[in-house]
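Okay, so here's the structure we're looking at.
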Amino acid sequence: MGMVTATAAAALLASPPQGHLGRRCHLVVPGLRLRPPASSSPPHAAPPLRLSNFVPRCYITNVEVDVSHTSEQEALDDHPPLLPACAIPVVHLRDVPDASPFPLHESASHSTDFEELPVLSEGELHTIAATPAHPAGLYALYASYLFGNLVEQLWNFAWPAALAILHPSLLPVAIVSFFTKLSVFIGAPIVGKLMDHFPRIPMYTGLNAVQVATQLISAAMVIYAMKNVTHASTSAVVLKPWFIALVAAGAIERLAGLALGVAMERDWVVLLAGTNRPVALAQANAVLNRLDLVCETVGASVFGLLLSKYHPVTCLKIACGLMICSFPVLVVLGQLINRFSCHALDSSRTPSDESICANLLDVRKIVQNGLSAIRNGWNEYKQQTVLPASVATVFLNFNVALAPGAIMTALLMHRGISPSIVGAFSGLCSIMGLVATFISSSLVERVGILKAGAAGLIVQASLLSVALVVYWTGSISQRTPLLIFLAAIALSRLGHMSYDVVGTQILQTGVPASKANLIGGMEVSISSLAELVMLGMAIIANDVSHFGFLAILSVSSVAGAAWMFCQWLGNPTDEQRELFMFDPHFQVEPMLVADVEHHNNQLQ
């Protein structure tokens with residue numbers, strides 16, 4: 001057997017003339033196993049010919065190999081010298097069945113000579129695309145996201161309500177909110193970079209510990225103020241040590257909460273659903289958005305119900321009990337996510353995690369590291385292939401006027417609108433957001449994530465334009481213009497939430513796993529800056545008569561986001577085509593080319 005193997009390898013290189021060949025075989029495809037027809041094999045035929053262990057370095061095709069009339073020594077002595085960079089493809093020939101060459105062309109009638117390779121049907125491909133890579137781990141992620149987000153949303157409603165009870169002015173709440181957004185703008189890039197270089201599970205546990213600890217500190221400060229602070233001026237309240245501690249703890253708590261959200265929504269869910277399974281990923285993103293909306297509604301309702309029955313201090317103590325209980329539950333759920341996903345979260349994203357983490361955690365270099373993280377995060381952010389999709393998300397954050405929120409509520413109340421209508425409007429916007437999470441996943445399945453994103457932005461920009469026209473042409477104090485105005489804004493939430501889901505998936509697909517948290521943190525940071533800019537605009541144009549100016553800015557930002565995304569979609573780069581090669585938008589052109597070639601072949 002050794003002599004036959006060596007002879008075949010040498011003969012491949014020597015390529016003797018056909019007249020000197022006895023039993024021959026044509027080598028075309030490496031690693032192919034051939035079986036001769038059972039009916040045509042002679043009685044003395046040996047086992048079937050097998051080609052295996054072929055190293056595809058240098059390809060040699062259509063070479064006839066003599067394995068019967070060449071000795072081992074002759075073959076080894078007569079072969080031509082090899083090039084230094086060319087490795088010998090070793091072909092193991094068990095035996096040769098007959099003396100006739102084996103035909104490898106389309107007209108060959110040997111249908112049983114090749115092993116059939118399975119080809120998946122369109123339905124089977126769709127089933128795979130809709131099946132998560134780790135379904136059990138994904139369900140554990142849903143449980144962790146639901147429980148953690150519920151406690152977080154409850155506290156996000158509890159602290160401003162408690163401060164409003166403590167002091168009638170809006171300034172304390174505005175100061176805490178301002179420094180919260182400022183901390184996110186400054187700290188999100190460095191936290192994102194740290195998360196990209198730190199193991200996922202320890203980072204998840206540490207962020208949960210920091211968030212719960214800062215929530216407890218904030219609650220303790222508010223409880224202390226309620227028990228000890230009497231009627232005082234606004235300036236006296238904001239300069240108290242307890243308020244300063246509340247501002248610092250609130251800023252850290254928000255930063256940790258956003259970091260956890262970025263980790264789950266941009267990194268973990270992609271690993272568990274699968275980057276190459278777009279339908280499953282779209283469905284997972286939709287579920288996370290539904291859970292977020294449910295937690296936002298339930299958290300506010302639960303604490304509001306507690307305030308209606310108990311003293312505010314008692315309500316805060318109940319909230320503290322929930323926070324303390326949430327930490328061990330979240331830690332256990334994190335371990336279950338990793339275990340149910342076959343330890344997919346243990347995979348390393350960068351080769352030098354320990355040294356980089358030690359440098360980032362050096363307190364002596366915190367300012368230097370912070371500036372470096374922001375500069376590095378910006379450089380990485382602007383080089384991403386999916387940058388227009390991310391910038392469109394940032395532009396949507398400029399819409400603070402034509403959206404459910406404090407400014408819209410103040411406008412409606414100032415115009416004398418019934419509180420029941422205001423409440424119904426907020427509820428309708430929430431319902432539209434929930435419906436959008438169902439629409440987005442089916443839209444991705446039908447037209448792909450790119451066209452689904454464009455559709456969401458166009459719908460939102462169109463409906464907000466209708467609302468702006470109604471506001472400028474008719475008085476919203478009248479019933480019919482008011483209902484059209486509110487209905488257009490509520491329906492625009494369909495497009496807004498659809499793009500929120502789809503835009504997240506575009507970034508999940510386009511951003512490498514090693515930079516997911518850094519890019520996500522940078523996007524959150526820029527979005528916080530956009531909110532700060534619009535907050536400053538609202539402070540400058542604080543009169544209700546200036547609402548039209550804010551509405552124009554809001555519609556312009558949404559229209560700009562839609563225009564930018566459509567331009568990116570209509571003028572794709574090679575990187576974009578490669579990144580979204582399975583998207584239906586980029587499969588139309590190859591299909592048309594194939595149809596034209598097929599038509600030309602028929603004409604010939």
Side-chain angles (χ1 to χ4, degrees), residues 146 149 153 156-157 265 282-301 392-393 395-413 417-447 449 451-471 476 479-505 527 531 550-551 554-555 557-559 561-562 565:
L146 174 63
N149 206 17
Q153 294 294 342
N156 289 341
F157 182 82
E265 296 171 7
Q283 293 173 349
N285 290 327
V287 171
L288 292 181
N289 277 268
R290 292 169 203 156
L291 293 177
D292 187 40
L293 291 172
V294 170
C295 290
E296 185 177 352
T297 304
V298 173
S301 302
T393 302
F395 273 28
L396 295 182
N397 287 277
F398 284 97
N399 178 25
V400 297
L402 299 179
I407 295 179
M408 178 59 65
T409 301
L411 171 72
L412 297 178
M413 297 299 293
I417 307 301
S418 172
S420 60
I421 295 180
V422 177
F425 167 72
S426 299
L428 181 61
C429 289
S430 299
I431 293 174
M432 291 296 102
L434 189 63
V435 172
T437 60
F438 292 94
I439 295 177
S440 60
S441 57
S442 61
L443 200 60
V444 169
E445 184 177 350
R446 290 176 179 269
V447 300
I449 57 176
K451 288 186 177 179
L457 290 173
I458 292 173
V459 167
Q460 184 181 7
S462 302
L463 290 172
L464 290 183
S465 299
V466 172
L468 180 64
V469 171
V470 171
Y471 178 82
I476 60 172
R479 184 177 182 84
T480 301
L482 174 65
L483 293 179
I484 296 175
F485 176 74
L486 296 180
I489 295 176
L491 290 174
S492 72
R493 305 305 291 177
L494 287 172
H496 177 83
M497 290 304 299
S498 295
Y499 183 78
D500 187 56
V501 176
V502 174
T504 299
Q505 184 173 351
S527 298
E531 292 176 1
L550 296 177
S554 297
V555 173
S557 63
V558 176
F565 189 88

Non-hydrogen side-chain atoms of Gln460 and Asn399 separated by less than 4.5 Å: yes

Residues which pass side chain to side chain contact (heavy atoms under 4.5 Å, CB included) with Glu265, listed by chain and number, not counting sequence neighbours: Tyr145, Leu288

Closest approach of Tyr499 to Ala392 (non-hydrogen atoms, all atoms of both residues): OH-CB, 3.5 Å

Minimum-distance pair of heavy atoms, taken over all atoms of Cys295 and Gln153: O-CB, 3.5 Å

Interatomic distance, Cys429 atom SG to Leu434 atom CG [nearest 0.5 angstrom]: 13.0 Å

Nearest-0.5 Å distance, CD1 of residue Ile489 to CG of residue Leu463: 10.0 Å

Any Val502 side-chain heavy atom under 4.5 Å of Gln505 side chain: no

Rounded distance (nearest 0.5 Å) linking atom CD1 of Ile476 with atom CG of Leu483: 11.5 Å

Sub-4.5 Å side-chain heavy-atom contact between Phe485 and Leu402: yes

Minimal non-hydrogen separation, Asn149 against Leu291, with atom names: ND2-O, 4.4 Å

Leu412 side chain near Leu482 side chain, heavy-atom distance below 4.5 Å: yes

Leu428 to Ala490 - nearest heavy-atom pair and separation: CD2-CB, 3.6 Å

Minimum heavy-atom distance Leu457-Val558, with the two atoms named: O-CG1, 4.5 Å

Ser498 (side chain) donor-acceptor with Gly495 (main chain) under 3.5 angstrom: no

Asn289/Asp500 under side-chain contact (heavy atoms from CB on, under 4.5 Å): CA gap, chis, key distance, verdict: CA-CA 9 Å; Asn289 277 268; Asp500 187 56; 2.9 Å; yes

Reported OG-to-CZ distance for the pair Ser527 and Phe398, which is rounded to 0.5 angstrom: 9.0 Å

Candidate list Val501, Val444, Thr504, test side chain to side chain contact (heavy atoms under 4.5 Å, CB included), partner Ile449, passing option: Val444

Contact summary for Met497 and Gly433, nearest pair of heavy atoms: CG-CA, 3.5 Å

